[in-house]
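Every chain is numbered from 1, with letters handed out A, B, ... down the list of sequences. Hydrogens, waters and symmetry mates play no part in the numbers below; they use all other heavy atoms, side chains included.
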Amino acid sequence: MSIYDTLNPEQKRAVLHDKGPLLILAGAGSGKTRVLTHRIAYLIEERDVNPWNILAITFTNKAAREMRERVDNIVGYGSENIWVSTFHSTCVRILRRFIESIGYSRSFTIYDTDDQKTLMREVCKFLNIDTKKMNERSILSVISRAKDEMISPEEFALQAQGDYQQTKYAQAYSEYQKRLKASNALDFDDLLYKTVELFQTNKEALLYYQNRFRYIMVDEYQDTNNVQFQLIHLLASGLNEYGEREYNLCVVGDDDQSIYKFRGANIYNILNFEKAFPNTTVIKLEQNYRSTKSILNAANEVICNNQGRKDKTLWTENEEGEPVQFTQYETDFEEADSITSEIQHLVNTGKINYNDIAILYRTNAQSRLLEEKLILKNIPYKIIGSVNFYSRKEIKDILAYLKTIDNGLDNLAVKRIINVPRRGIGLTTVDRVNDYALQQNISFYEALTRAQYIPGLERSASKIIPFVSLIEGLKSRIQQEGYSLREIIDDILDATGYLRELEEENSEEAQDRIENINELVNKLVTYEENSLEPPTLSGFLEEVALVSDIDNLNEEMNHIVLMTLHSAKGLEFPYVYLCGMEEGIFPGYMSIFADNPVEEIEEERRLCYVGFTRAMKRLSLTAAKQRMIRGETQYNKPSRFINEIPRYMIKMNTASPRKVQFSKMSNDSISDKSPGILDFDKPASKPQAGYRPYYTAETKQFEGTKMGTLDYGVGDSVKHVKFGVGIVTDITKGGKDYEVTVDFPKFGIKKLLSTFANLIKID
DNA sequence: TGTATGGATATTTTT
DNA sequence: TATCCATACA
């Protein structure tokens, strides 16, 4: 049996597509990653494409990692030569090699959103921009848009002539860019912008990569912005050996899941793909393997209210399943209480694990109440988003030390830690040093080393000197042979007294911070042990700069997950609770009252579609009549998205009979559009009030897996063509296949699909 | 220089 | 409601 036999006809057509542009419109859960990975395998094995000539681009590290893993598993030797990476890390890799040709140093650092804000604050101060009239965030978003459109500060200034406001933006942009450069830093937008600029100005570099990347795949194409399009277009425009443009570009996306317009994603990249790349083959993947018919039908009903989408209807062979549930509660408090009780009930009575369940919401703020209830009921959970691990204060502090040691040019990092922990070096001192640095045209750190000579610093200089020698001491140690990164971070924690200070504080918060720092140390150790190239401080810092919270989601852990709808894209869960289905929450006020409400609502509707299609078995929608938002009580109607689902498709539950007044509920809370939308004949299927079973948050045992056709089981030794002999540690059923986890002594733990892996049992 | 206090301010955020 | 920031004071 060939690996391609497991594909449906459309998937197969996409996988076997030969040359030329290919647009795969892949609905939610239609197996797009599978198609991508199989296509890569096909190109290598059947078309003799050199793995070296393949580039696969994703948006998140998590997606890249998963793709890498799956590609490694189905491709034989040479899979490590395929570039599988995110847009941003692809750019970093290219720039590390060629950036000098556009006047930057190859050891540039990457500024994250927080760094950008800090820098912009400095810029505004410097330019006397009143941040009450023009706040940093809005300036940064103007700049971000400009970079997305590939508009340089000079061009921006030119276009701004005559407009006071725009001129201010232009000045800020120019100064901001100047300072980035002085710190030898690039922000996220720069990574893309500068790569395109490089390709436009350096033909040699462009040719090199065009020649290398003969086959390009892009995942989540609906979320690409303009620069990303430019980048892809440039890379894909290489000539083949006959001097022809082949555009061996394969993009996969779903216009219905485009939810990042606010961040510059241009939906026309996918809608007009066929215009940009002549002779495009279009393949639609409409069979969904994830959800029940009930869930999919509801999702289809909602999304078909959008105009201007590519026509497609998802269908499935899966069972009908339970109807989609909708419950409207009196208050947000009851909503949270009820959802969490239900979860507890599900886990206690059913064969369901915590990690089968997700609670999704529109805004991060909604997680609070839920979190309180989860703690109360002792339900293990993880919240994704809100505060990224790497944006925590203590983590940023330690990273700033590492950055300072690594690259003294990073002015922001040095300024961040100069007085952390407190050294009695205040704002006035920092300002003086800063002025001196600007005047002498040297970096802030360089100025610190000359503290004794800076006028007006007599007293403070004595405080600066120990700081400089601390940094210098650490710097010299890192150059010593055999000095590990682990030792450096330990030295920092010790020599600065950072840990000691936290320990002495003896509060719960300090304890959390210490744990976070330990986590950082772990990550550094992991990097040091697993890095393919010799581990360096710069390498670690780079990896860390491009990581998001969702990347850390570990499916193995047995806890429920809470996150925003945005973060949930690309994930799936058997049981999904989508809460806060209310006008004003979802769709949010901002979109209802926007200048272009139609467009904005359509984006919210796509978000709703994304939310619905995360669910595999059961989708529960909830709303509250009364909700506390920013200290104010709001009364909201159920979301219009609920009304877009025909009522026969939805099971209306009545919430807590003890409190609900039926007449009131049907009159004020439901819009006139669909009268009688609530079905009171059906009994409430809610766990009894006050239901609070005893349960410890310990791991629940997995149901015994049926082995069926496999001739090996957990604990057996098996042999794999590439990885050699290993021991089966787990087997789970996934679609038509079994997913077999095998621990190979030489290659580590691998997840393999039984159909492809051809594992042979060894006695 | 460090802390206290009032006041503004508030979607979503793959990197 | 909670959080962040600037300014005022000790």
Report which part of the nucleic acid A:Ser89 touches: base, sugar-phosphate, or nothing (heavy-atom distance under 4.0 Å, all strands). nothing

- Within the structure shown, what part of the strands sits under 4.0 Å from A:Ser591 by heavy-atom distance: base, sugar-phosphate, or nothing? nothing

Which part of the nucleic acid, if any, lies within contact of A:Asn419, taking any heavy atom under 4.0 Å across all strands shown: a base, the sugar-phosphate backbone alone, or nothing?
sugar-phosphate

Out of B:dT11, B:dA10, B:dT14, minimum distance to the side chain of A:Asn135 belongs to B:dA10

note: A:Asp431, atom CG; B:dT1, atom P; distance rounded to Å ~ 10 Å

Sorted by chain and residue number, the side chain to side chain donor-acceptor pair (under 3.5 Å) partners of A:Arg605 (sequence neighbours excluded) come out as A:Asn306, A:Glu644

message: Please classify the nucleic acid contact of A:Arg422 as base, sugar-phosphate, or nothing, using heavy-atom distances under 4.0 Å.
response: sugar-phosphate

message: Both conditions, 6.0 Å and 45 degrees, for the charged tip of A:Arg106 above the ring of A:Phe98: are they met here?
response: no

Walking DNA chain B from its 5' end, the first of A:Leu546 and A:Gly588 to be reached, judged by nearest nucleotide, is A:Gly588

Taken in chain and number order and not counting sequence neighbours, the residues that satisfy side chain to side chain donor-acceptor pair (under 3.5 Å) with A:Glu372 are none

For A:Lys117, the salt bridge (charged side-chain N to carboxylate O under 4.0 Å, His left out) test, sequence neighbours excluded, returns none

May I ask you to say what A:Phe87 touches in the nucleic acid, namely base, sugar-phosphate or nothing, with a heavy-atom cut-off under 4.0 Å?
-> nothing

With sequence neighbours left out, the residues meeting side chain to side chain donor-acceptor pair (under 3.5 Å) with A:Asp406 are A:Ser538

A:Tyr260 OH to B:dT11 C1', in whole Å, measures 12 Å

Hits for salt bridge (charged side-chain N to carboxylate O under 4.0 Å, His left out) against A:Asp332, two or more places apart or cross-chain, chain-then-number order -> none

Does B:dT11 have its OP1 or OP2 closer than 4.0 Å to a side-chain nitrogen or oxygen of A:Thr564?
no

>> By a 5.5 angstrom centroid cut-off and a 30 degree plane limit, is there stacking between A:Phe262 and B:dT11?
In response: no

Whole-Å distance, A:Gln228 CD to B:dT13 C1', equals 13 Å

- Does A:Asn225 have a side-chain nitrogen or oxygen under 4.0 Å from the phosphate oxygens OP1 or OP2 of B:dT14? no

Taken to the nearest whole Å, CZ/A:Arg263 to C1'/B:dT14 is 7 Å

So, with a heavy-atom separation below 4.0 Å from DNA chain B, the residues of residues 58-67 of chain A are A:Phe59, A:Thr60, A:Asn61

When rounded to whole Å, the CD1 to C1' distance for the pair A:Ile585 and B:dT12 reads 13 Å

Does the structure place the NZ or CZ of A:Lys181 under 6.0 Å from the centre of the six-membered ring of A:Tyr104, at an angle of no more than 45° from the ring's axis? yes

Any side-chain N or O of A:Thr428 under 4.0 Å from OP1/OP2 of B:dT1? yes

With sequence neighbours left out, the residues meeting salt bridge (charged side-chain N to carboxylate O under 4.0 Å, His left out) with A:Lys62 are A:Glu66, A:Glu555

Separation of B:dT12 atom C1' from A:Tyr589 atom OH, nearest Å, is 17 Å

Counting primed atoms, P, OP1 and OP2 as sugar-phosphate and everything else as base, the B/S/- map of nucleotides 1-10 of chain C against protein heavy atoms under 4.0 Å is BS--SS----

Atom CG of A:Asn364 and atom C1' of B:dT11 are separated, to the nearest Å, by 9 Å

- Cation-aromatic face contact A:Lys373/A:Phe333, 6.0 Å, 45 degrees: yes

With sequence neighbours left out, the residues meeting salt bridge (charged side-chain N to carboxylate O under 4.0 Å, His left out) with A:Asp112 are A:Lys396

Taking B:dT14, B:dT12, B:dT1 as options, the one with an atom nearest any side-chain atom of A:Lys569 is B:dT14

Closest to the 5' end of DNA chain B, once A:Lys463 and A:Arg362 are matched to their nearest nucleotides, is A:Lys463

Atom CZ of A:Arg606 and atom C1' of B:dT11 are separated, to the nearest Å, by 16 Å

Could you tell me whether A:Phe59 and A:His88 have their ring centroids closer than 6.0 angstrom? no

